[in-house]
Amino acid sequence: MMKIAFVVLLFLTATGCQVSRQTEDYKLRTISDITLTPTNHQHGYARRECFLCHNPANIHLNNRLNSPLFDLAKPLVDQSGETSCAGCHGSNGVSQ
Ligand code: HEC
Ligand code: HEC
């Protein structure tokens, strides 16, 4: 009985806890890719509740595009949440 509980615990630790914190990576190539369109944002276009799908703790962690906007992203998101996104990513097909 103890052995089974241990195995279950081990499984939960190995899977559950680790997957919650992941860096998001969509293989963006140029700065124009951050502007959301129906093509590059098929699964999230025309939605305004960004944090439903993008955990704020997992985005803007890697400066892959080397854009000067990058350093502003975290402070602005911390300060203004979902209302900040449109400033850099466009309207996402939603009227403010
Ligand atoms: C229903 C889930 C969902 C919502 C809501 C959502 N997204 Fe996304 N987002 C995704 C997925 C999935 C991708 C990966 C590209 C795809 O498959 O659409 C993505 C990709 C992105 C990307 C990378 C774009 C690229 O060129 O690949 C950015 C930036 C982004 N989302 C920002 C936002 C912002 C800002 C909002 C809110 C205005 C938002 N997302 C709302 C699911 C969502
Ligand atoms: C000051 C500009 C700025 C603001 C504000 C901003 N972003 Fe970003 N975002 C960027 C830049 C620049 C990148 C590209 C980072 C890279 O890969 O170099 C990016 C990348 C992303 C990505 C792709 C994954 C990643 O981490 O690279 C997602 C998803 C995303 N942003 C979502 C959001 C959401 C949701 C908001 C609002 C809560 C937001 N962003 C606000 C500038 C911004």
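Numbering of ligands and ligand atoms starts at 1, following listing order. Computed from a prediction, not measured in an experiment: that's the story for all the values here.
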To check you understand the geometry: which heavy-atom pair defines the closest contact between [X] and [Y], and what is its length?
{"X": "Leu61", "Y": "Phe70", "answer": "C-CZ, 3.9 Å"}
{"X": "Glu82", "Y": "Glu49", "answer": "OE2-C, 3.3 Å"}
{"X": "Gly44", "Y": "Asn92", "answer": "O-ND2, 3.1 Å"}

Suppose we measure from [atom] to each protein heavy atom; which comes out shortest, and what is that distance?
{"atom": "atom 27 (O) of ligand 2", "answer": "Arg64 NH1, 3.3 Å"}
{"atom": "atom 26 (O) of ligand 1", "answer": "Asp33 O, 2.9 Å"}
{"atom": "atom 36 (C) of ligand 1", "answer": "Cys50 SG, 2.8 Å"}
{"atom": "atom 11 (C) of ligand 1", "answer": "His43 CB, 4.2 Å"}
{"atom": "atom 13 (C) of ligand 1", "answer": "Tyr26 CE2, 3.7 Å"}
{"atom": "atom 25 (C) of ligand 1", "answer": "Leu28 CD2, 3.3 Å"}
{"atom": "atom 39 (C) of ligand 1", "answer": "His41 CE1, 3.3 Å"}
{"atom": "atom 15 (C) of ligand 1", "answer": "Asn40 O, 3.6 Å"}

Practice task
Give a yes/no verdict on whether any heavy atom in Leu36 is under 4.0 Å from an atom of ligand 1.
Solution key: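 Yes, Leu36 has heavy atoms under 4.0 Å from ligand 1.
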Distance check, rounded to the nearest 0.5 Å: [X] atom [atom1] versus [Y] atom [atom2]?
{"X": "Leu36", "Y": "Cys50", "atom1": "CG", "atom2": "SG", "answer": "8.0 Å"}
{"X": "Leu76", "Y": "Asp71", "atom1": "CG", "atom2": "CG", "answer": "11.0 Å"}
{"X": "Arg48", "Y": "Ser95", "atom1": "CZ", "atom2": "OG", "answer": "6.0 Å"}
{"X": "Cys53", "Y": "His43", "atom1": "SG", "atom2": "NE2", "answer": "10.5 Å"}
{"X": "Glu24", "Y": "Asn55", "atom1": "CD", "atom2": "CG", "answer": "7.5 Å"}

With atoms numbered from 1 as shown, which atoms in ligand 1 lie under 4.0 angstrom from a non-hydrogen atom of [X]?
{"X": "Cys53", "answer": "1 (C), 2 (C), 3 (C), 4 (C), 5 (C), 42 (C), 43 (C)"}
{"X": "Gln42", "answer": "18 (O)"}
{"X": "Glu49", "answer": "5 (C)"}

Practice task
Give a yes or no on whether Ile34 and Tyr26 share a hydrophobic cluster (residues Ile, Leu, Val, Met, Phe, Trp, Tyr; joining criterion: side-chain heavy atoms under 4.5 Å apart).
Solution key: yes
What are the atoms of ligand 2, with element, lying closer than 4.0 Å to any heavy atom of [X]?
{"X": "Phe51", "value": "38 (C)"}
{"X": "Leu72", "value": "1 (C)"}
{"X": "Ala73", "value": "1 (C), 3 (C), 7 (N), 42 (C), 43 (C)"}
{"X": "Val77", "value": "37 (C), 38 (C), 39 (C), 41 (C)"}
{"X": "Asn63", "value": "18 (O)"}
{"X": "Glu24", "value": "24 (C), 25 (C), 26 (O), 29 (C)"}

Practice task
Taking atom 43 (C) of ligand 2 as the reference point, report whether a protein heavy atom occurs under 4.0 Å from it.
Solution key: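 So far as the 4.0 Å threshold goes, atom 43 (C) of ligand 2 is in reach of a protein heavy atom.
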So between [options], whose heavy atom ends up nearest [atom]?
{"atom": "atom 17 (O) of ligand 2", "options": "Asn62, Ile59, Leu76", "answer": "Asn62"}
{"atom": "atom 3 (C) of ligand 2", "options": "Pro68, Cys88, Gly81", "answer": "Cys88"}
{"atom": "atom 18 (O) of ligand 2", "options": "Leu65, Leu69, Asn92", "answer": "Leu65"}
{"atom": "atom 5 (C) of ligand 2", "options": "Ser84, Ser67, Pro75", "answer": "Ser84"}
{"atom": "atom 9 (N) of ligand 1", "options": "His89, His54, Arg48", "answer": "His54"}

Give a yes or no answer on whether the side chain of [X] reaches the backbone of [Y] with a donor-acceptor pair at less than 3.5 Å.
{"X": "Asn62", "Y": "Arg64", "answer": "no"}
{"X": "Lys74", "Y": "Ile59", "answer": "yes"}
{"X": "Thr37", "Y": "Asn40", "answer": "yes"}

Problem - Side chain proximity check, Leu28 to Leu65, heavy atoms < 4.5 angstrom - result: yes
Exercise for the section: Just let me know how Cys85 lines up against ligand 2, side chain, backbone, both or neither, with a heavy-atom cut-off below 4.0 Å. Expected result: both
Problem - Steps toward side-chain contact (heavy atoms from CB on, under 4.5 Å) verdict (Phe51, Val77) - result: CA-CA 11 Å; Phe51 292 159; Val77 171; 3.9 Å; yes
Exercise for the section: Return yes or no for this condition: an N or O of His60 is under 3.5 Å from an N or O of ligand 2. Expected result: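 Looking only at distances, the answer is yes, because the N/O contact criterion of under 3.5 Å is met.
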